[in-house]
Protein chains: 2
Amino acid sequence: MNNSLLKDELRLVDTSSLVDKVEATIVELLKNQKLKVGDSIPKEMELAETIGVSRTVIREALTRLKIMGLIESKKKKGAVITSPDLFGIIGKSMNPYILDEETLKQMFELRLVLEVGMADLIFQRITKKDIEELKQIVSHEPPATQHHLFNIDHEIAFHGKLYEITGNEALKKFQRMLLPIFDYVHHSGLLKKPASIKKFVSHNGLIDVIEHGSPEMFRNAMRNHLENHFARLFEQ
Amino acid sequence: MNNSLLKDELRLVDTSSLVDKVEATIVELLKNQKLKVGDSIPKEMELAETIGVSRTVIREALTRLKIMGLIESKKKKGAVITSPDLFGIIGKSMNPYILDEETLKQMFELRLVLEVGMADLIFQRITKKDIEELKQIVSHEPPATQHHLFNIDHEIAFHGKLYEITGNEALKKFQRMLLPIFDYVHHSGLLKKPASIKKFVSHNGLIDVIEHGSPEMFRNAMRNHLENHFARLFEQ
DNA sequence: TAAATTATTATGTATGACATAATAAAAGTA
DNA sequence: TACTTTTATTATGTCATACATAATAATTTA
């Protein structure tokens, strides 16, 4: 076996830096001790001595855990376990100018998938008050004739409310982060096919389905409502 | 105005730490210079001097950017801009033992939403080869009579393939991370209602719909296929 | 006993030093 | 000249130490 091959194999085994290892060690340590949310973890110096590395390395590892939302540090008190905010974590990266085109397109698709797929959650959890709010939102929309494909503010208000109805916080957060991405992709030259003016199922139509239809009907209605977006995705 | 009051007011305006500010400053700097993927960013010492803080702070800020996947650092070369791997970032947090119950349940729901909603992507991008592979996977499954609600390996193989067919890398990565969560929630006591033995649309049934049906039919078939999971979610 | 003061503690920030790996420059050899 | 080997150089990785800062605990004082 030649040297570069050996090197490759070794890389497979352990390409991680010291901080990587320490990070894993700490997570393992927390897991083994079955620490729950709110419990405080060992002090930086204790960890440094226990694991046998400098405080610098410990701090960098802890920084990572902080960013991932696993811990939160308070002066004097030390760091305490927290429940990670999964989509909050990727929030800072959700920047159209930072993400590459392929990822942007994938996020665009993801929104469509979510909205078509969340019918059952909506039907299961919607209340009369929610329906009233949806109607309220639509009533403030300008007539279809005088606007372009869509007015972004009203789109956000209506679709945002739908996410809210699902009662799934993760879903909601995800949508909020997807919004600027979606808007960017929609208006950028990323999708070659221009947005069609043709209108399909309207917001009012969707409300009607929610009130008198079924999840199945809603999925189809939403799919139709989003037809312009799907068409731009597929026809290029 | 006394000193402590002034201090309090300032805190309201800016509660962020130095590293927070430096992090934002660096991101802003990269954005303004319109740096693209592959470009290298200023050295740590340069940044430290430009921004006027110690290298420690710079390093901690850069650590965060690294974790978010915005940059990758190489010795001698410095750090280069990278396109963030959105779902890779939250991967480390996707740990059933760390996440709280509510989040776990939300992830469980999210999977169902995705699989029902991704019909159009599948139909748009599926190839004959994909269908053959799906059939191949199903052919290796044990007969329905002799297994429990589902065999986790075959479930993963089949549904994983569906994600793959969508051609959406983000979606796929997301699924891979959701898998252990889903498995955990499924088997934990988190969902009170026991998993039903009743079978609905089978994997073979789904393939049949893919071959001879429409996205609309597939959504309904998948919704039916996942009925056991939905039922456990909603009926407690 | 309760409020005010002081001490303690753990994280936050700064600095300097050396290790390490990747690259560039220089030297040596055919 | 071209090509390999060796030697600097450079920037990140790691370590150690010191002090700042804020939160808590301990102590004093009224």
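A ring-centre distance under 6.0 Å is found for B:His159 and B:His203. Under the 6.0 Å cut-off for aromatic ring centres, A:His229 and A:Phe182 qualify, their centroids lying closer than that.
Rounding to the nearest 0.5 Å places CG of B:Leu112 at 12.0 Å from CE of B:Met107.
Using a 4.0 Å cutoff on non-hydrogen atoms, the parts of residues 41-59 of chain B near DNA chain D are B:Lys43, B:Glu44, B:Arg55, B:Arg59, ordered by number. Contacts between residues 61-74 of chain A and DNA chain C, defined by a heavy-atom separation below 4.0 Å, involve A:Lys66, A:Ser73, A:Lys74, listed by number.
Between the B:Ser83 side chain and the A:Asp100 main chain, a donor and an acceptor come within less than 3.5 Å of each other. The backbone N or O of A:Glu164 sits nowhere less than 3.5 Å from a side-chain atom of A:Arg125 that would complete a donor-acceptor pair.
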Ignoring hydrogens and angles, write down the donor-acceptor pairs under 3.5 Å from the side chains of residues 169-178 of chain B, residues two or more places apart or on other chains.
{"residue": "B:Glu169", "atom": "OE2", "partner": "B:Lys172", "partner atom": "NZ", "Å": "3.0"}
{"residue": "B:Lys173", "atom": "NZ", "partner": "B:Asp85", "partner atom": "OD1", "Å": "3.4"}

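At whole-Å resolution of the value, CD in B:Glu60 and P in D:dT12 are 17 Å apart. Here the C1' atom of nucleotide D:dG13 and the NZ atom of A:Lys21 are 12 Å apart, to the nearest Å.
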Begin from the C-alpha positions of A:Ile137 and A:Lys161 and carry the test side-chain contact (heavy atoms from CB on, under 4.5 Å) through to its verdict.
CA-CA 9 Å; A:Ile137 290 168; A:Lys161 178 64 188 169; 3.9 Å; yes

Assess the residue pair A:Leu65 and A:Glu23 against the criterion (side-chain contact (heavy atoms from CB on, under 4.5 Å)); give the C-alpha distance rounded to whole Å, side-chain angles, the decisive distance to 0.1 Å, and a yes or no.
CA-CA 8 Å; A:Leu65 300 187; A:Glu23 181 195 341; 4.0 Å; yes

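Contacts of A:Tyr184 classified as ring pair (Phe, Tyr, Trp, His ring centres under 6.0 Å), with partners at least two apart in sequence or in another chain: A:Tyr97. Contacts of B:Phe230 classified as ring pair (Phe, Tyr, Trp, His ring centres under 6.0 Å), with partners at least two apart in sequence or in another chain: B:Phe234.
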Between protein and nucleic acid, restricted to nucleotides 24-28 of chain D and to nitrogen or oxygen atoms under 3.5 Å apart, what atom pairs and distances do you find?
none

